[in-house]
Protein chains: 2
Amino acid sequence: MNIGEAARQSELPPKTIRYYEDIALVKPSRSSNGYRDYSENDIHRLRFLQRSRSLGFTIEECRLLLSLYEDDQRASADVKAVANQKIIEIDHKIKELRSLRKTLSALAENCHGDDKPDCPIIDDLAGRRGR
Amino acid sequence: MNIGEAARQSELPPKTIRYYEDIALVKPSRSSNGYRDYSENDIHRLRFLQRSRSLGFTIEECRLLLSLYEDDQRASADVKAVANQKIIEIDHKIKELRSLRKTLSALAENCHGDDKPDCPIIDDLAGRRGR
DNA sequence: GCTTGAGCTTCCAGCAACTGGAAGGCCTAT
DNA sequence: ATAGGCCTTCCAGTTGCTGGAAGCTCAAGC
């Protein structure tokens, strides 16, 4: 199967698939004309990557998950640990974003939003509080 | 004022300050020995950048905010629009992260987390639902 | 005067995870 | 034969820094 069809089936752009080969996440064979030739198993790996990337795992985490995926002897605890770690990171990011949001919306609420130059947002950014 | 002191006052690493000069966000003068020489106004700009970056604005947004900062004729509505746009983006990111978290925690909850190979997380990543 | 150490300079490279584009080969159909 | 669409490789760019090497300057201590 050529890269175009592999792209369709895995829902990944061809560029990304080539990149995944560069960093040794997939190793398709080659046809006699030099074209990449993807097996069913390659497609499984690509789909797996697509799904795990979309769940926010980094490439290196995907590499780990992929090795667990292909290890029939894996312990489910190992996989669960990776997932739980990711959940912690996500919680942390959400917390940060909420805090940013709070600050920004407080600033925006205090801003008249008219065509006058007076602006509490700028004042805050400039370090001038409660002028 | 040398870069080290500018770094202390702006709470930005010297490397970052030099980078901001590379991308034309600050233009300090030079002392006779070739050292960068930061004025009070330069420090204001650096502080402004530090604060706006920490609030999640991109470099290009900071550049815009900085030009508004130095424009005495600015309309506060312009600044408010940038802030509100950012709030929308933050909301979007939070929503995405919450959705990721939900999926991941559902998967982790269904996983025994023992030393057996059976693992619903891997099954999901591989595209095998509800086996 | 000399050395030491901190602080400054420039430049080059690398991080993550792709993405875009150029130059060219291949394949199929008309 | 030619057009187009797909494929190949390679190089460069994205964002926002950060690390490191090689070398200059400056102030302090002996």
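Convention: sequence-line order gives letters A, B, ...; per-chain numbering from 1. Quick note: numbers below take in every heavy atom, side chains included, and nothing from hydrogens, waters or symmetry partners.
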**Student:** Does R53(B) pair with E11(B) as a salt bridge, N-O distance under 4.0 Å?
**Tutor:**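 No salt bridge links R53(B) with E11(B).
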**Student:** Let me know, please, whether E60(B) or S32(B) comes out on the 5' side of the other along DNA chain D by nearest nucleotide.
**Tutor:** E60(B)
**Student:** To the nearest 0.5 Å, tell me how far F57(B) CZ sits from L64(B) CG.
**Tutor:** 9.5 Å
**Student:** From the options dC8(C), dC17(D), dC7(D), select the nucleotide whose nearest atom is closest to the side chain of I59(B).
**Tutor:** dC17(D)
**Student:** Going by an N to O cut-off under 4.0 Å, is there a salt bridge joining E96(A) and K93(A)?
**Tutor:** no
**Student:** Nearest whole Å is fine: how far is dG5(D) C1' from R8(A) CZ?
**Tutor:**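 From R8(A) CZ to dG5(D) C1': 11 Å.
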**Student:** Determine to 10° how strongly the helix from dG1(C)-dC30(D) to dT30(C)-dA1(D) is bent, judged from the axes of its five-pair ends.
**Tutor:**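 Answer rounded to 10°: the end axes differ by 30°.
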**Student:** Consider the side chain of Y35(A), meaning its heavy atoms from C-beta on, and name the nucleotide among dC17(D), dT9(D), dG25(C) that approaches it most closely.
**Tutor:**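 Minimum distance to the Y35(A) side chain belongs to dG25(C).
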**Student:** Can you tell me the distance, in whole Å, between the CZ atom of F57(B) and the C1' atom of dG16(D)?
**Tutor:** 17 Å
**Student:** Just to confirm, is there a sub-4.0 Å distance from OP1 or OP2 of dA16(C) to any side-chain nitrogen or oxygen of Y19(A)?
**Tutor:** no
**Student:** What does I23(A) touch in the nucleic acid at a heavy-atom separation under 4.0 angstrom: a base, only the sugar-phosphate, or nothing?
**Tutor:**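 It contacts nothing in the nucleic acid.
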**Student:** Would you call E21(A)-R18(A) a salt bridge at under 4.0 Å N-O?
**Tutor:**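 Salt bridge: no.
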**Student:** Given atom CG of D37(A) and atom P of dC7(D), what is their separation to the nearest angstrom?
**Tutor:**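 After rounding, the gap between these two atoms is 12 Å.
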**Student:** Nearest to the T58(A) side chain among dA17(C), dC17(D), dT8(D), which nucleotide is it?
**Tutor:** dA17(C)
**Student:** Using a cut-off of 4.0 Å on non-hydrogen atoms, how would the nucleic acid contact of P14(A) be classed: base, sugar-phosphate, or nothing?
**Tutor:** nothing
**Student:** Taking all non-hydrogen atoms of both residues, which atom of A108(B) and which atom of N84(A) are closest, and how far apart?
**Tutor:** CB-OD1, 3.8 Å
**Student:** dC11(C) P sits how many Å from R18(B) CZ, rounded?
**Tutor:**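 To the nearest whole Å, that distance equals 12 Å.
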**Student:** Side-chain N or O of R30(B) versus OP1/OP2 of dT10(C): is the shortest distance under 4.0 Å?
**Tutor:** yes
**Student:** May I have the distance from I17(B) (atom CD1) to dT10(C) (atom P), rounded to whole angstrom?
**Tutor:** 14 Å
**Student:** Using the side-chain heavy atoms of Y20(B), tell me which of these nucleotides is nearest: dC17(D), dT9(C), dT19(C).
**Tutor:**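 Closest nucleotide to the Y20(B) side chain: dC17(D).
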**Student:** Would one find a side-chain N or O of R36(B) under 4.0 angstrom from OP1 or OP2 of dC8(C)?
**Tutor:**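 No, because none of the side-chain N or O atoms of R36(B) sits under 4.0 Å from OP1 or OP2 of dC8(C).
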**Student:** Using a heavy-atom cut-off of 4.0 Å across all strands, would you classify R53(B) as base, sugar-phosphate, or nothing?
**Tutor:** sugar-phosphate
**Student:** Look at the side-chain N and O atoms of N33(B) and state whether any lies under 4.0 Å from the OP1 or OP2 oxygen of dC8(C).
**Tutor:** no
**Student:** I want to verify a distance call: between dG21(C), dC7(D), dT10(C), whose nearest atom is closest to the K15(A) side chain?
**Tutor:** dG21(C)
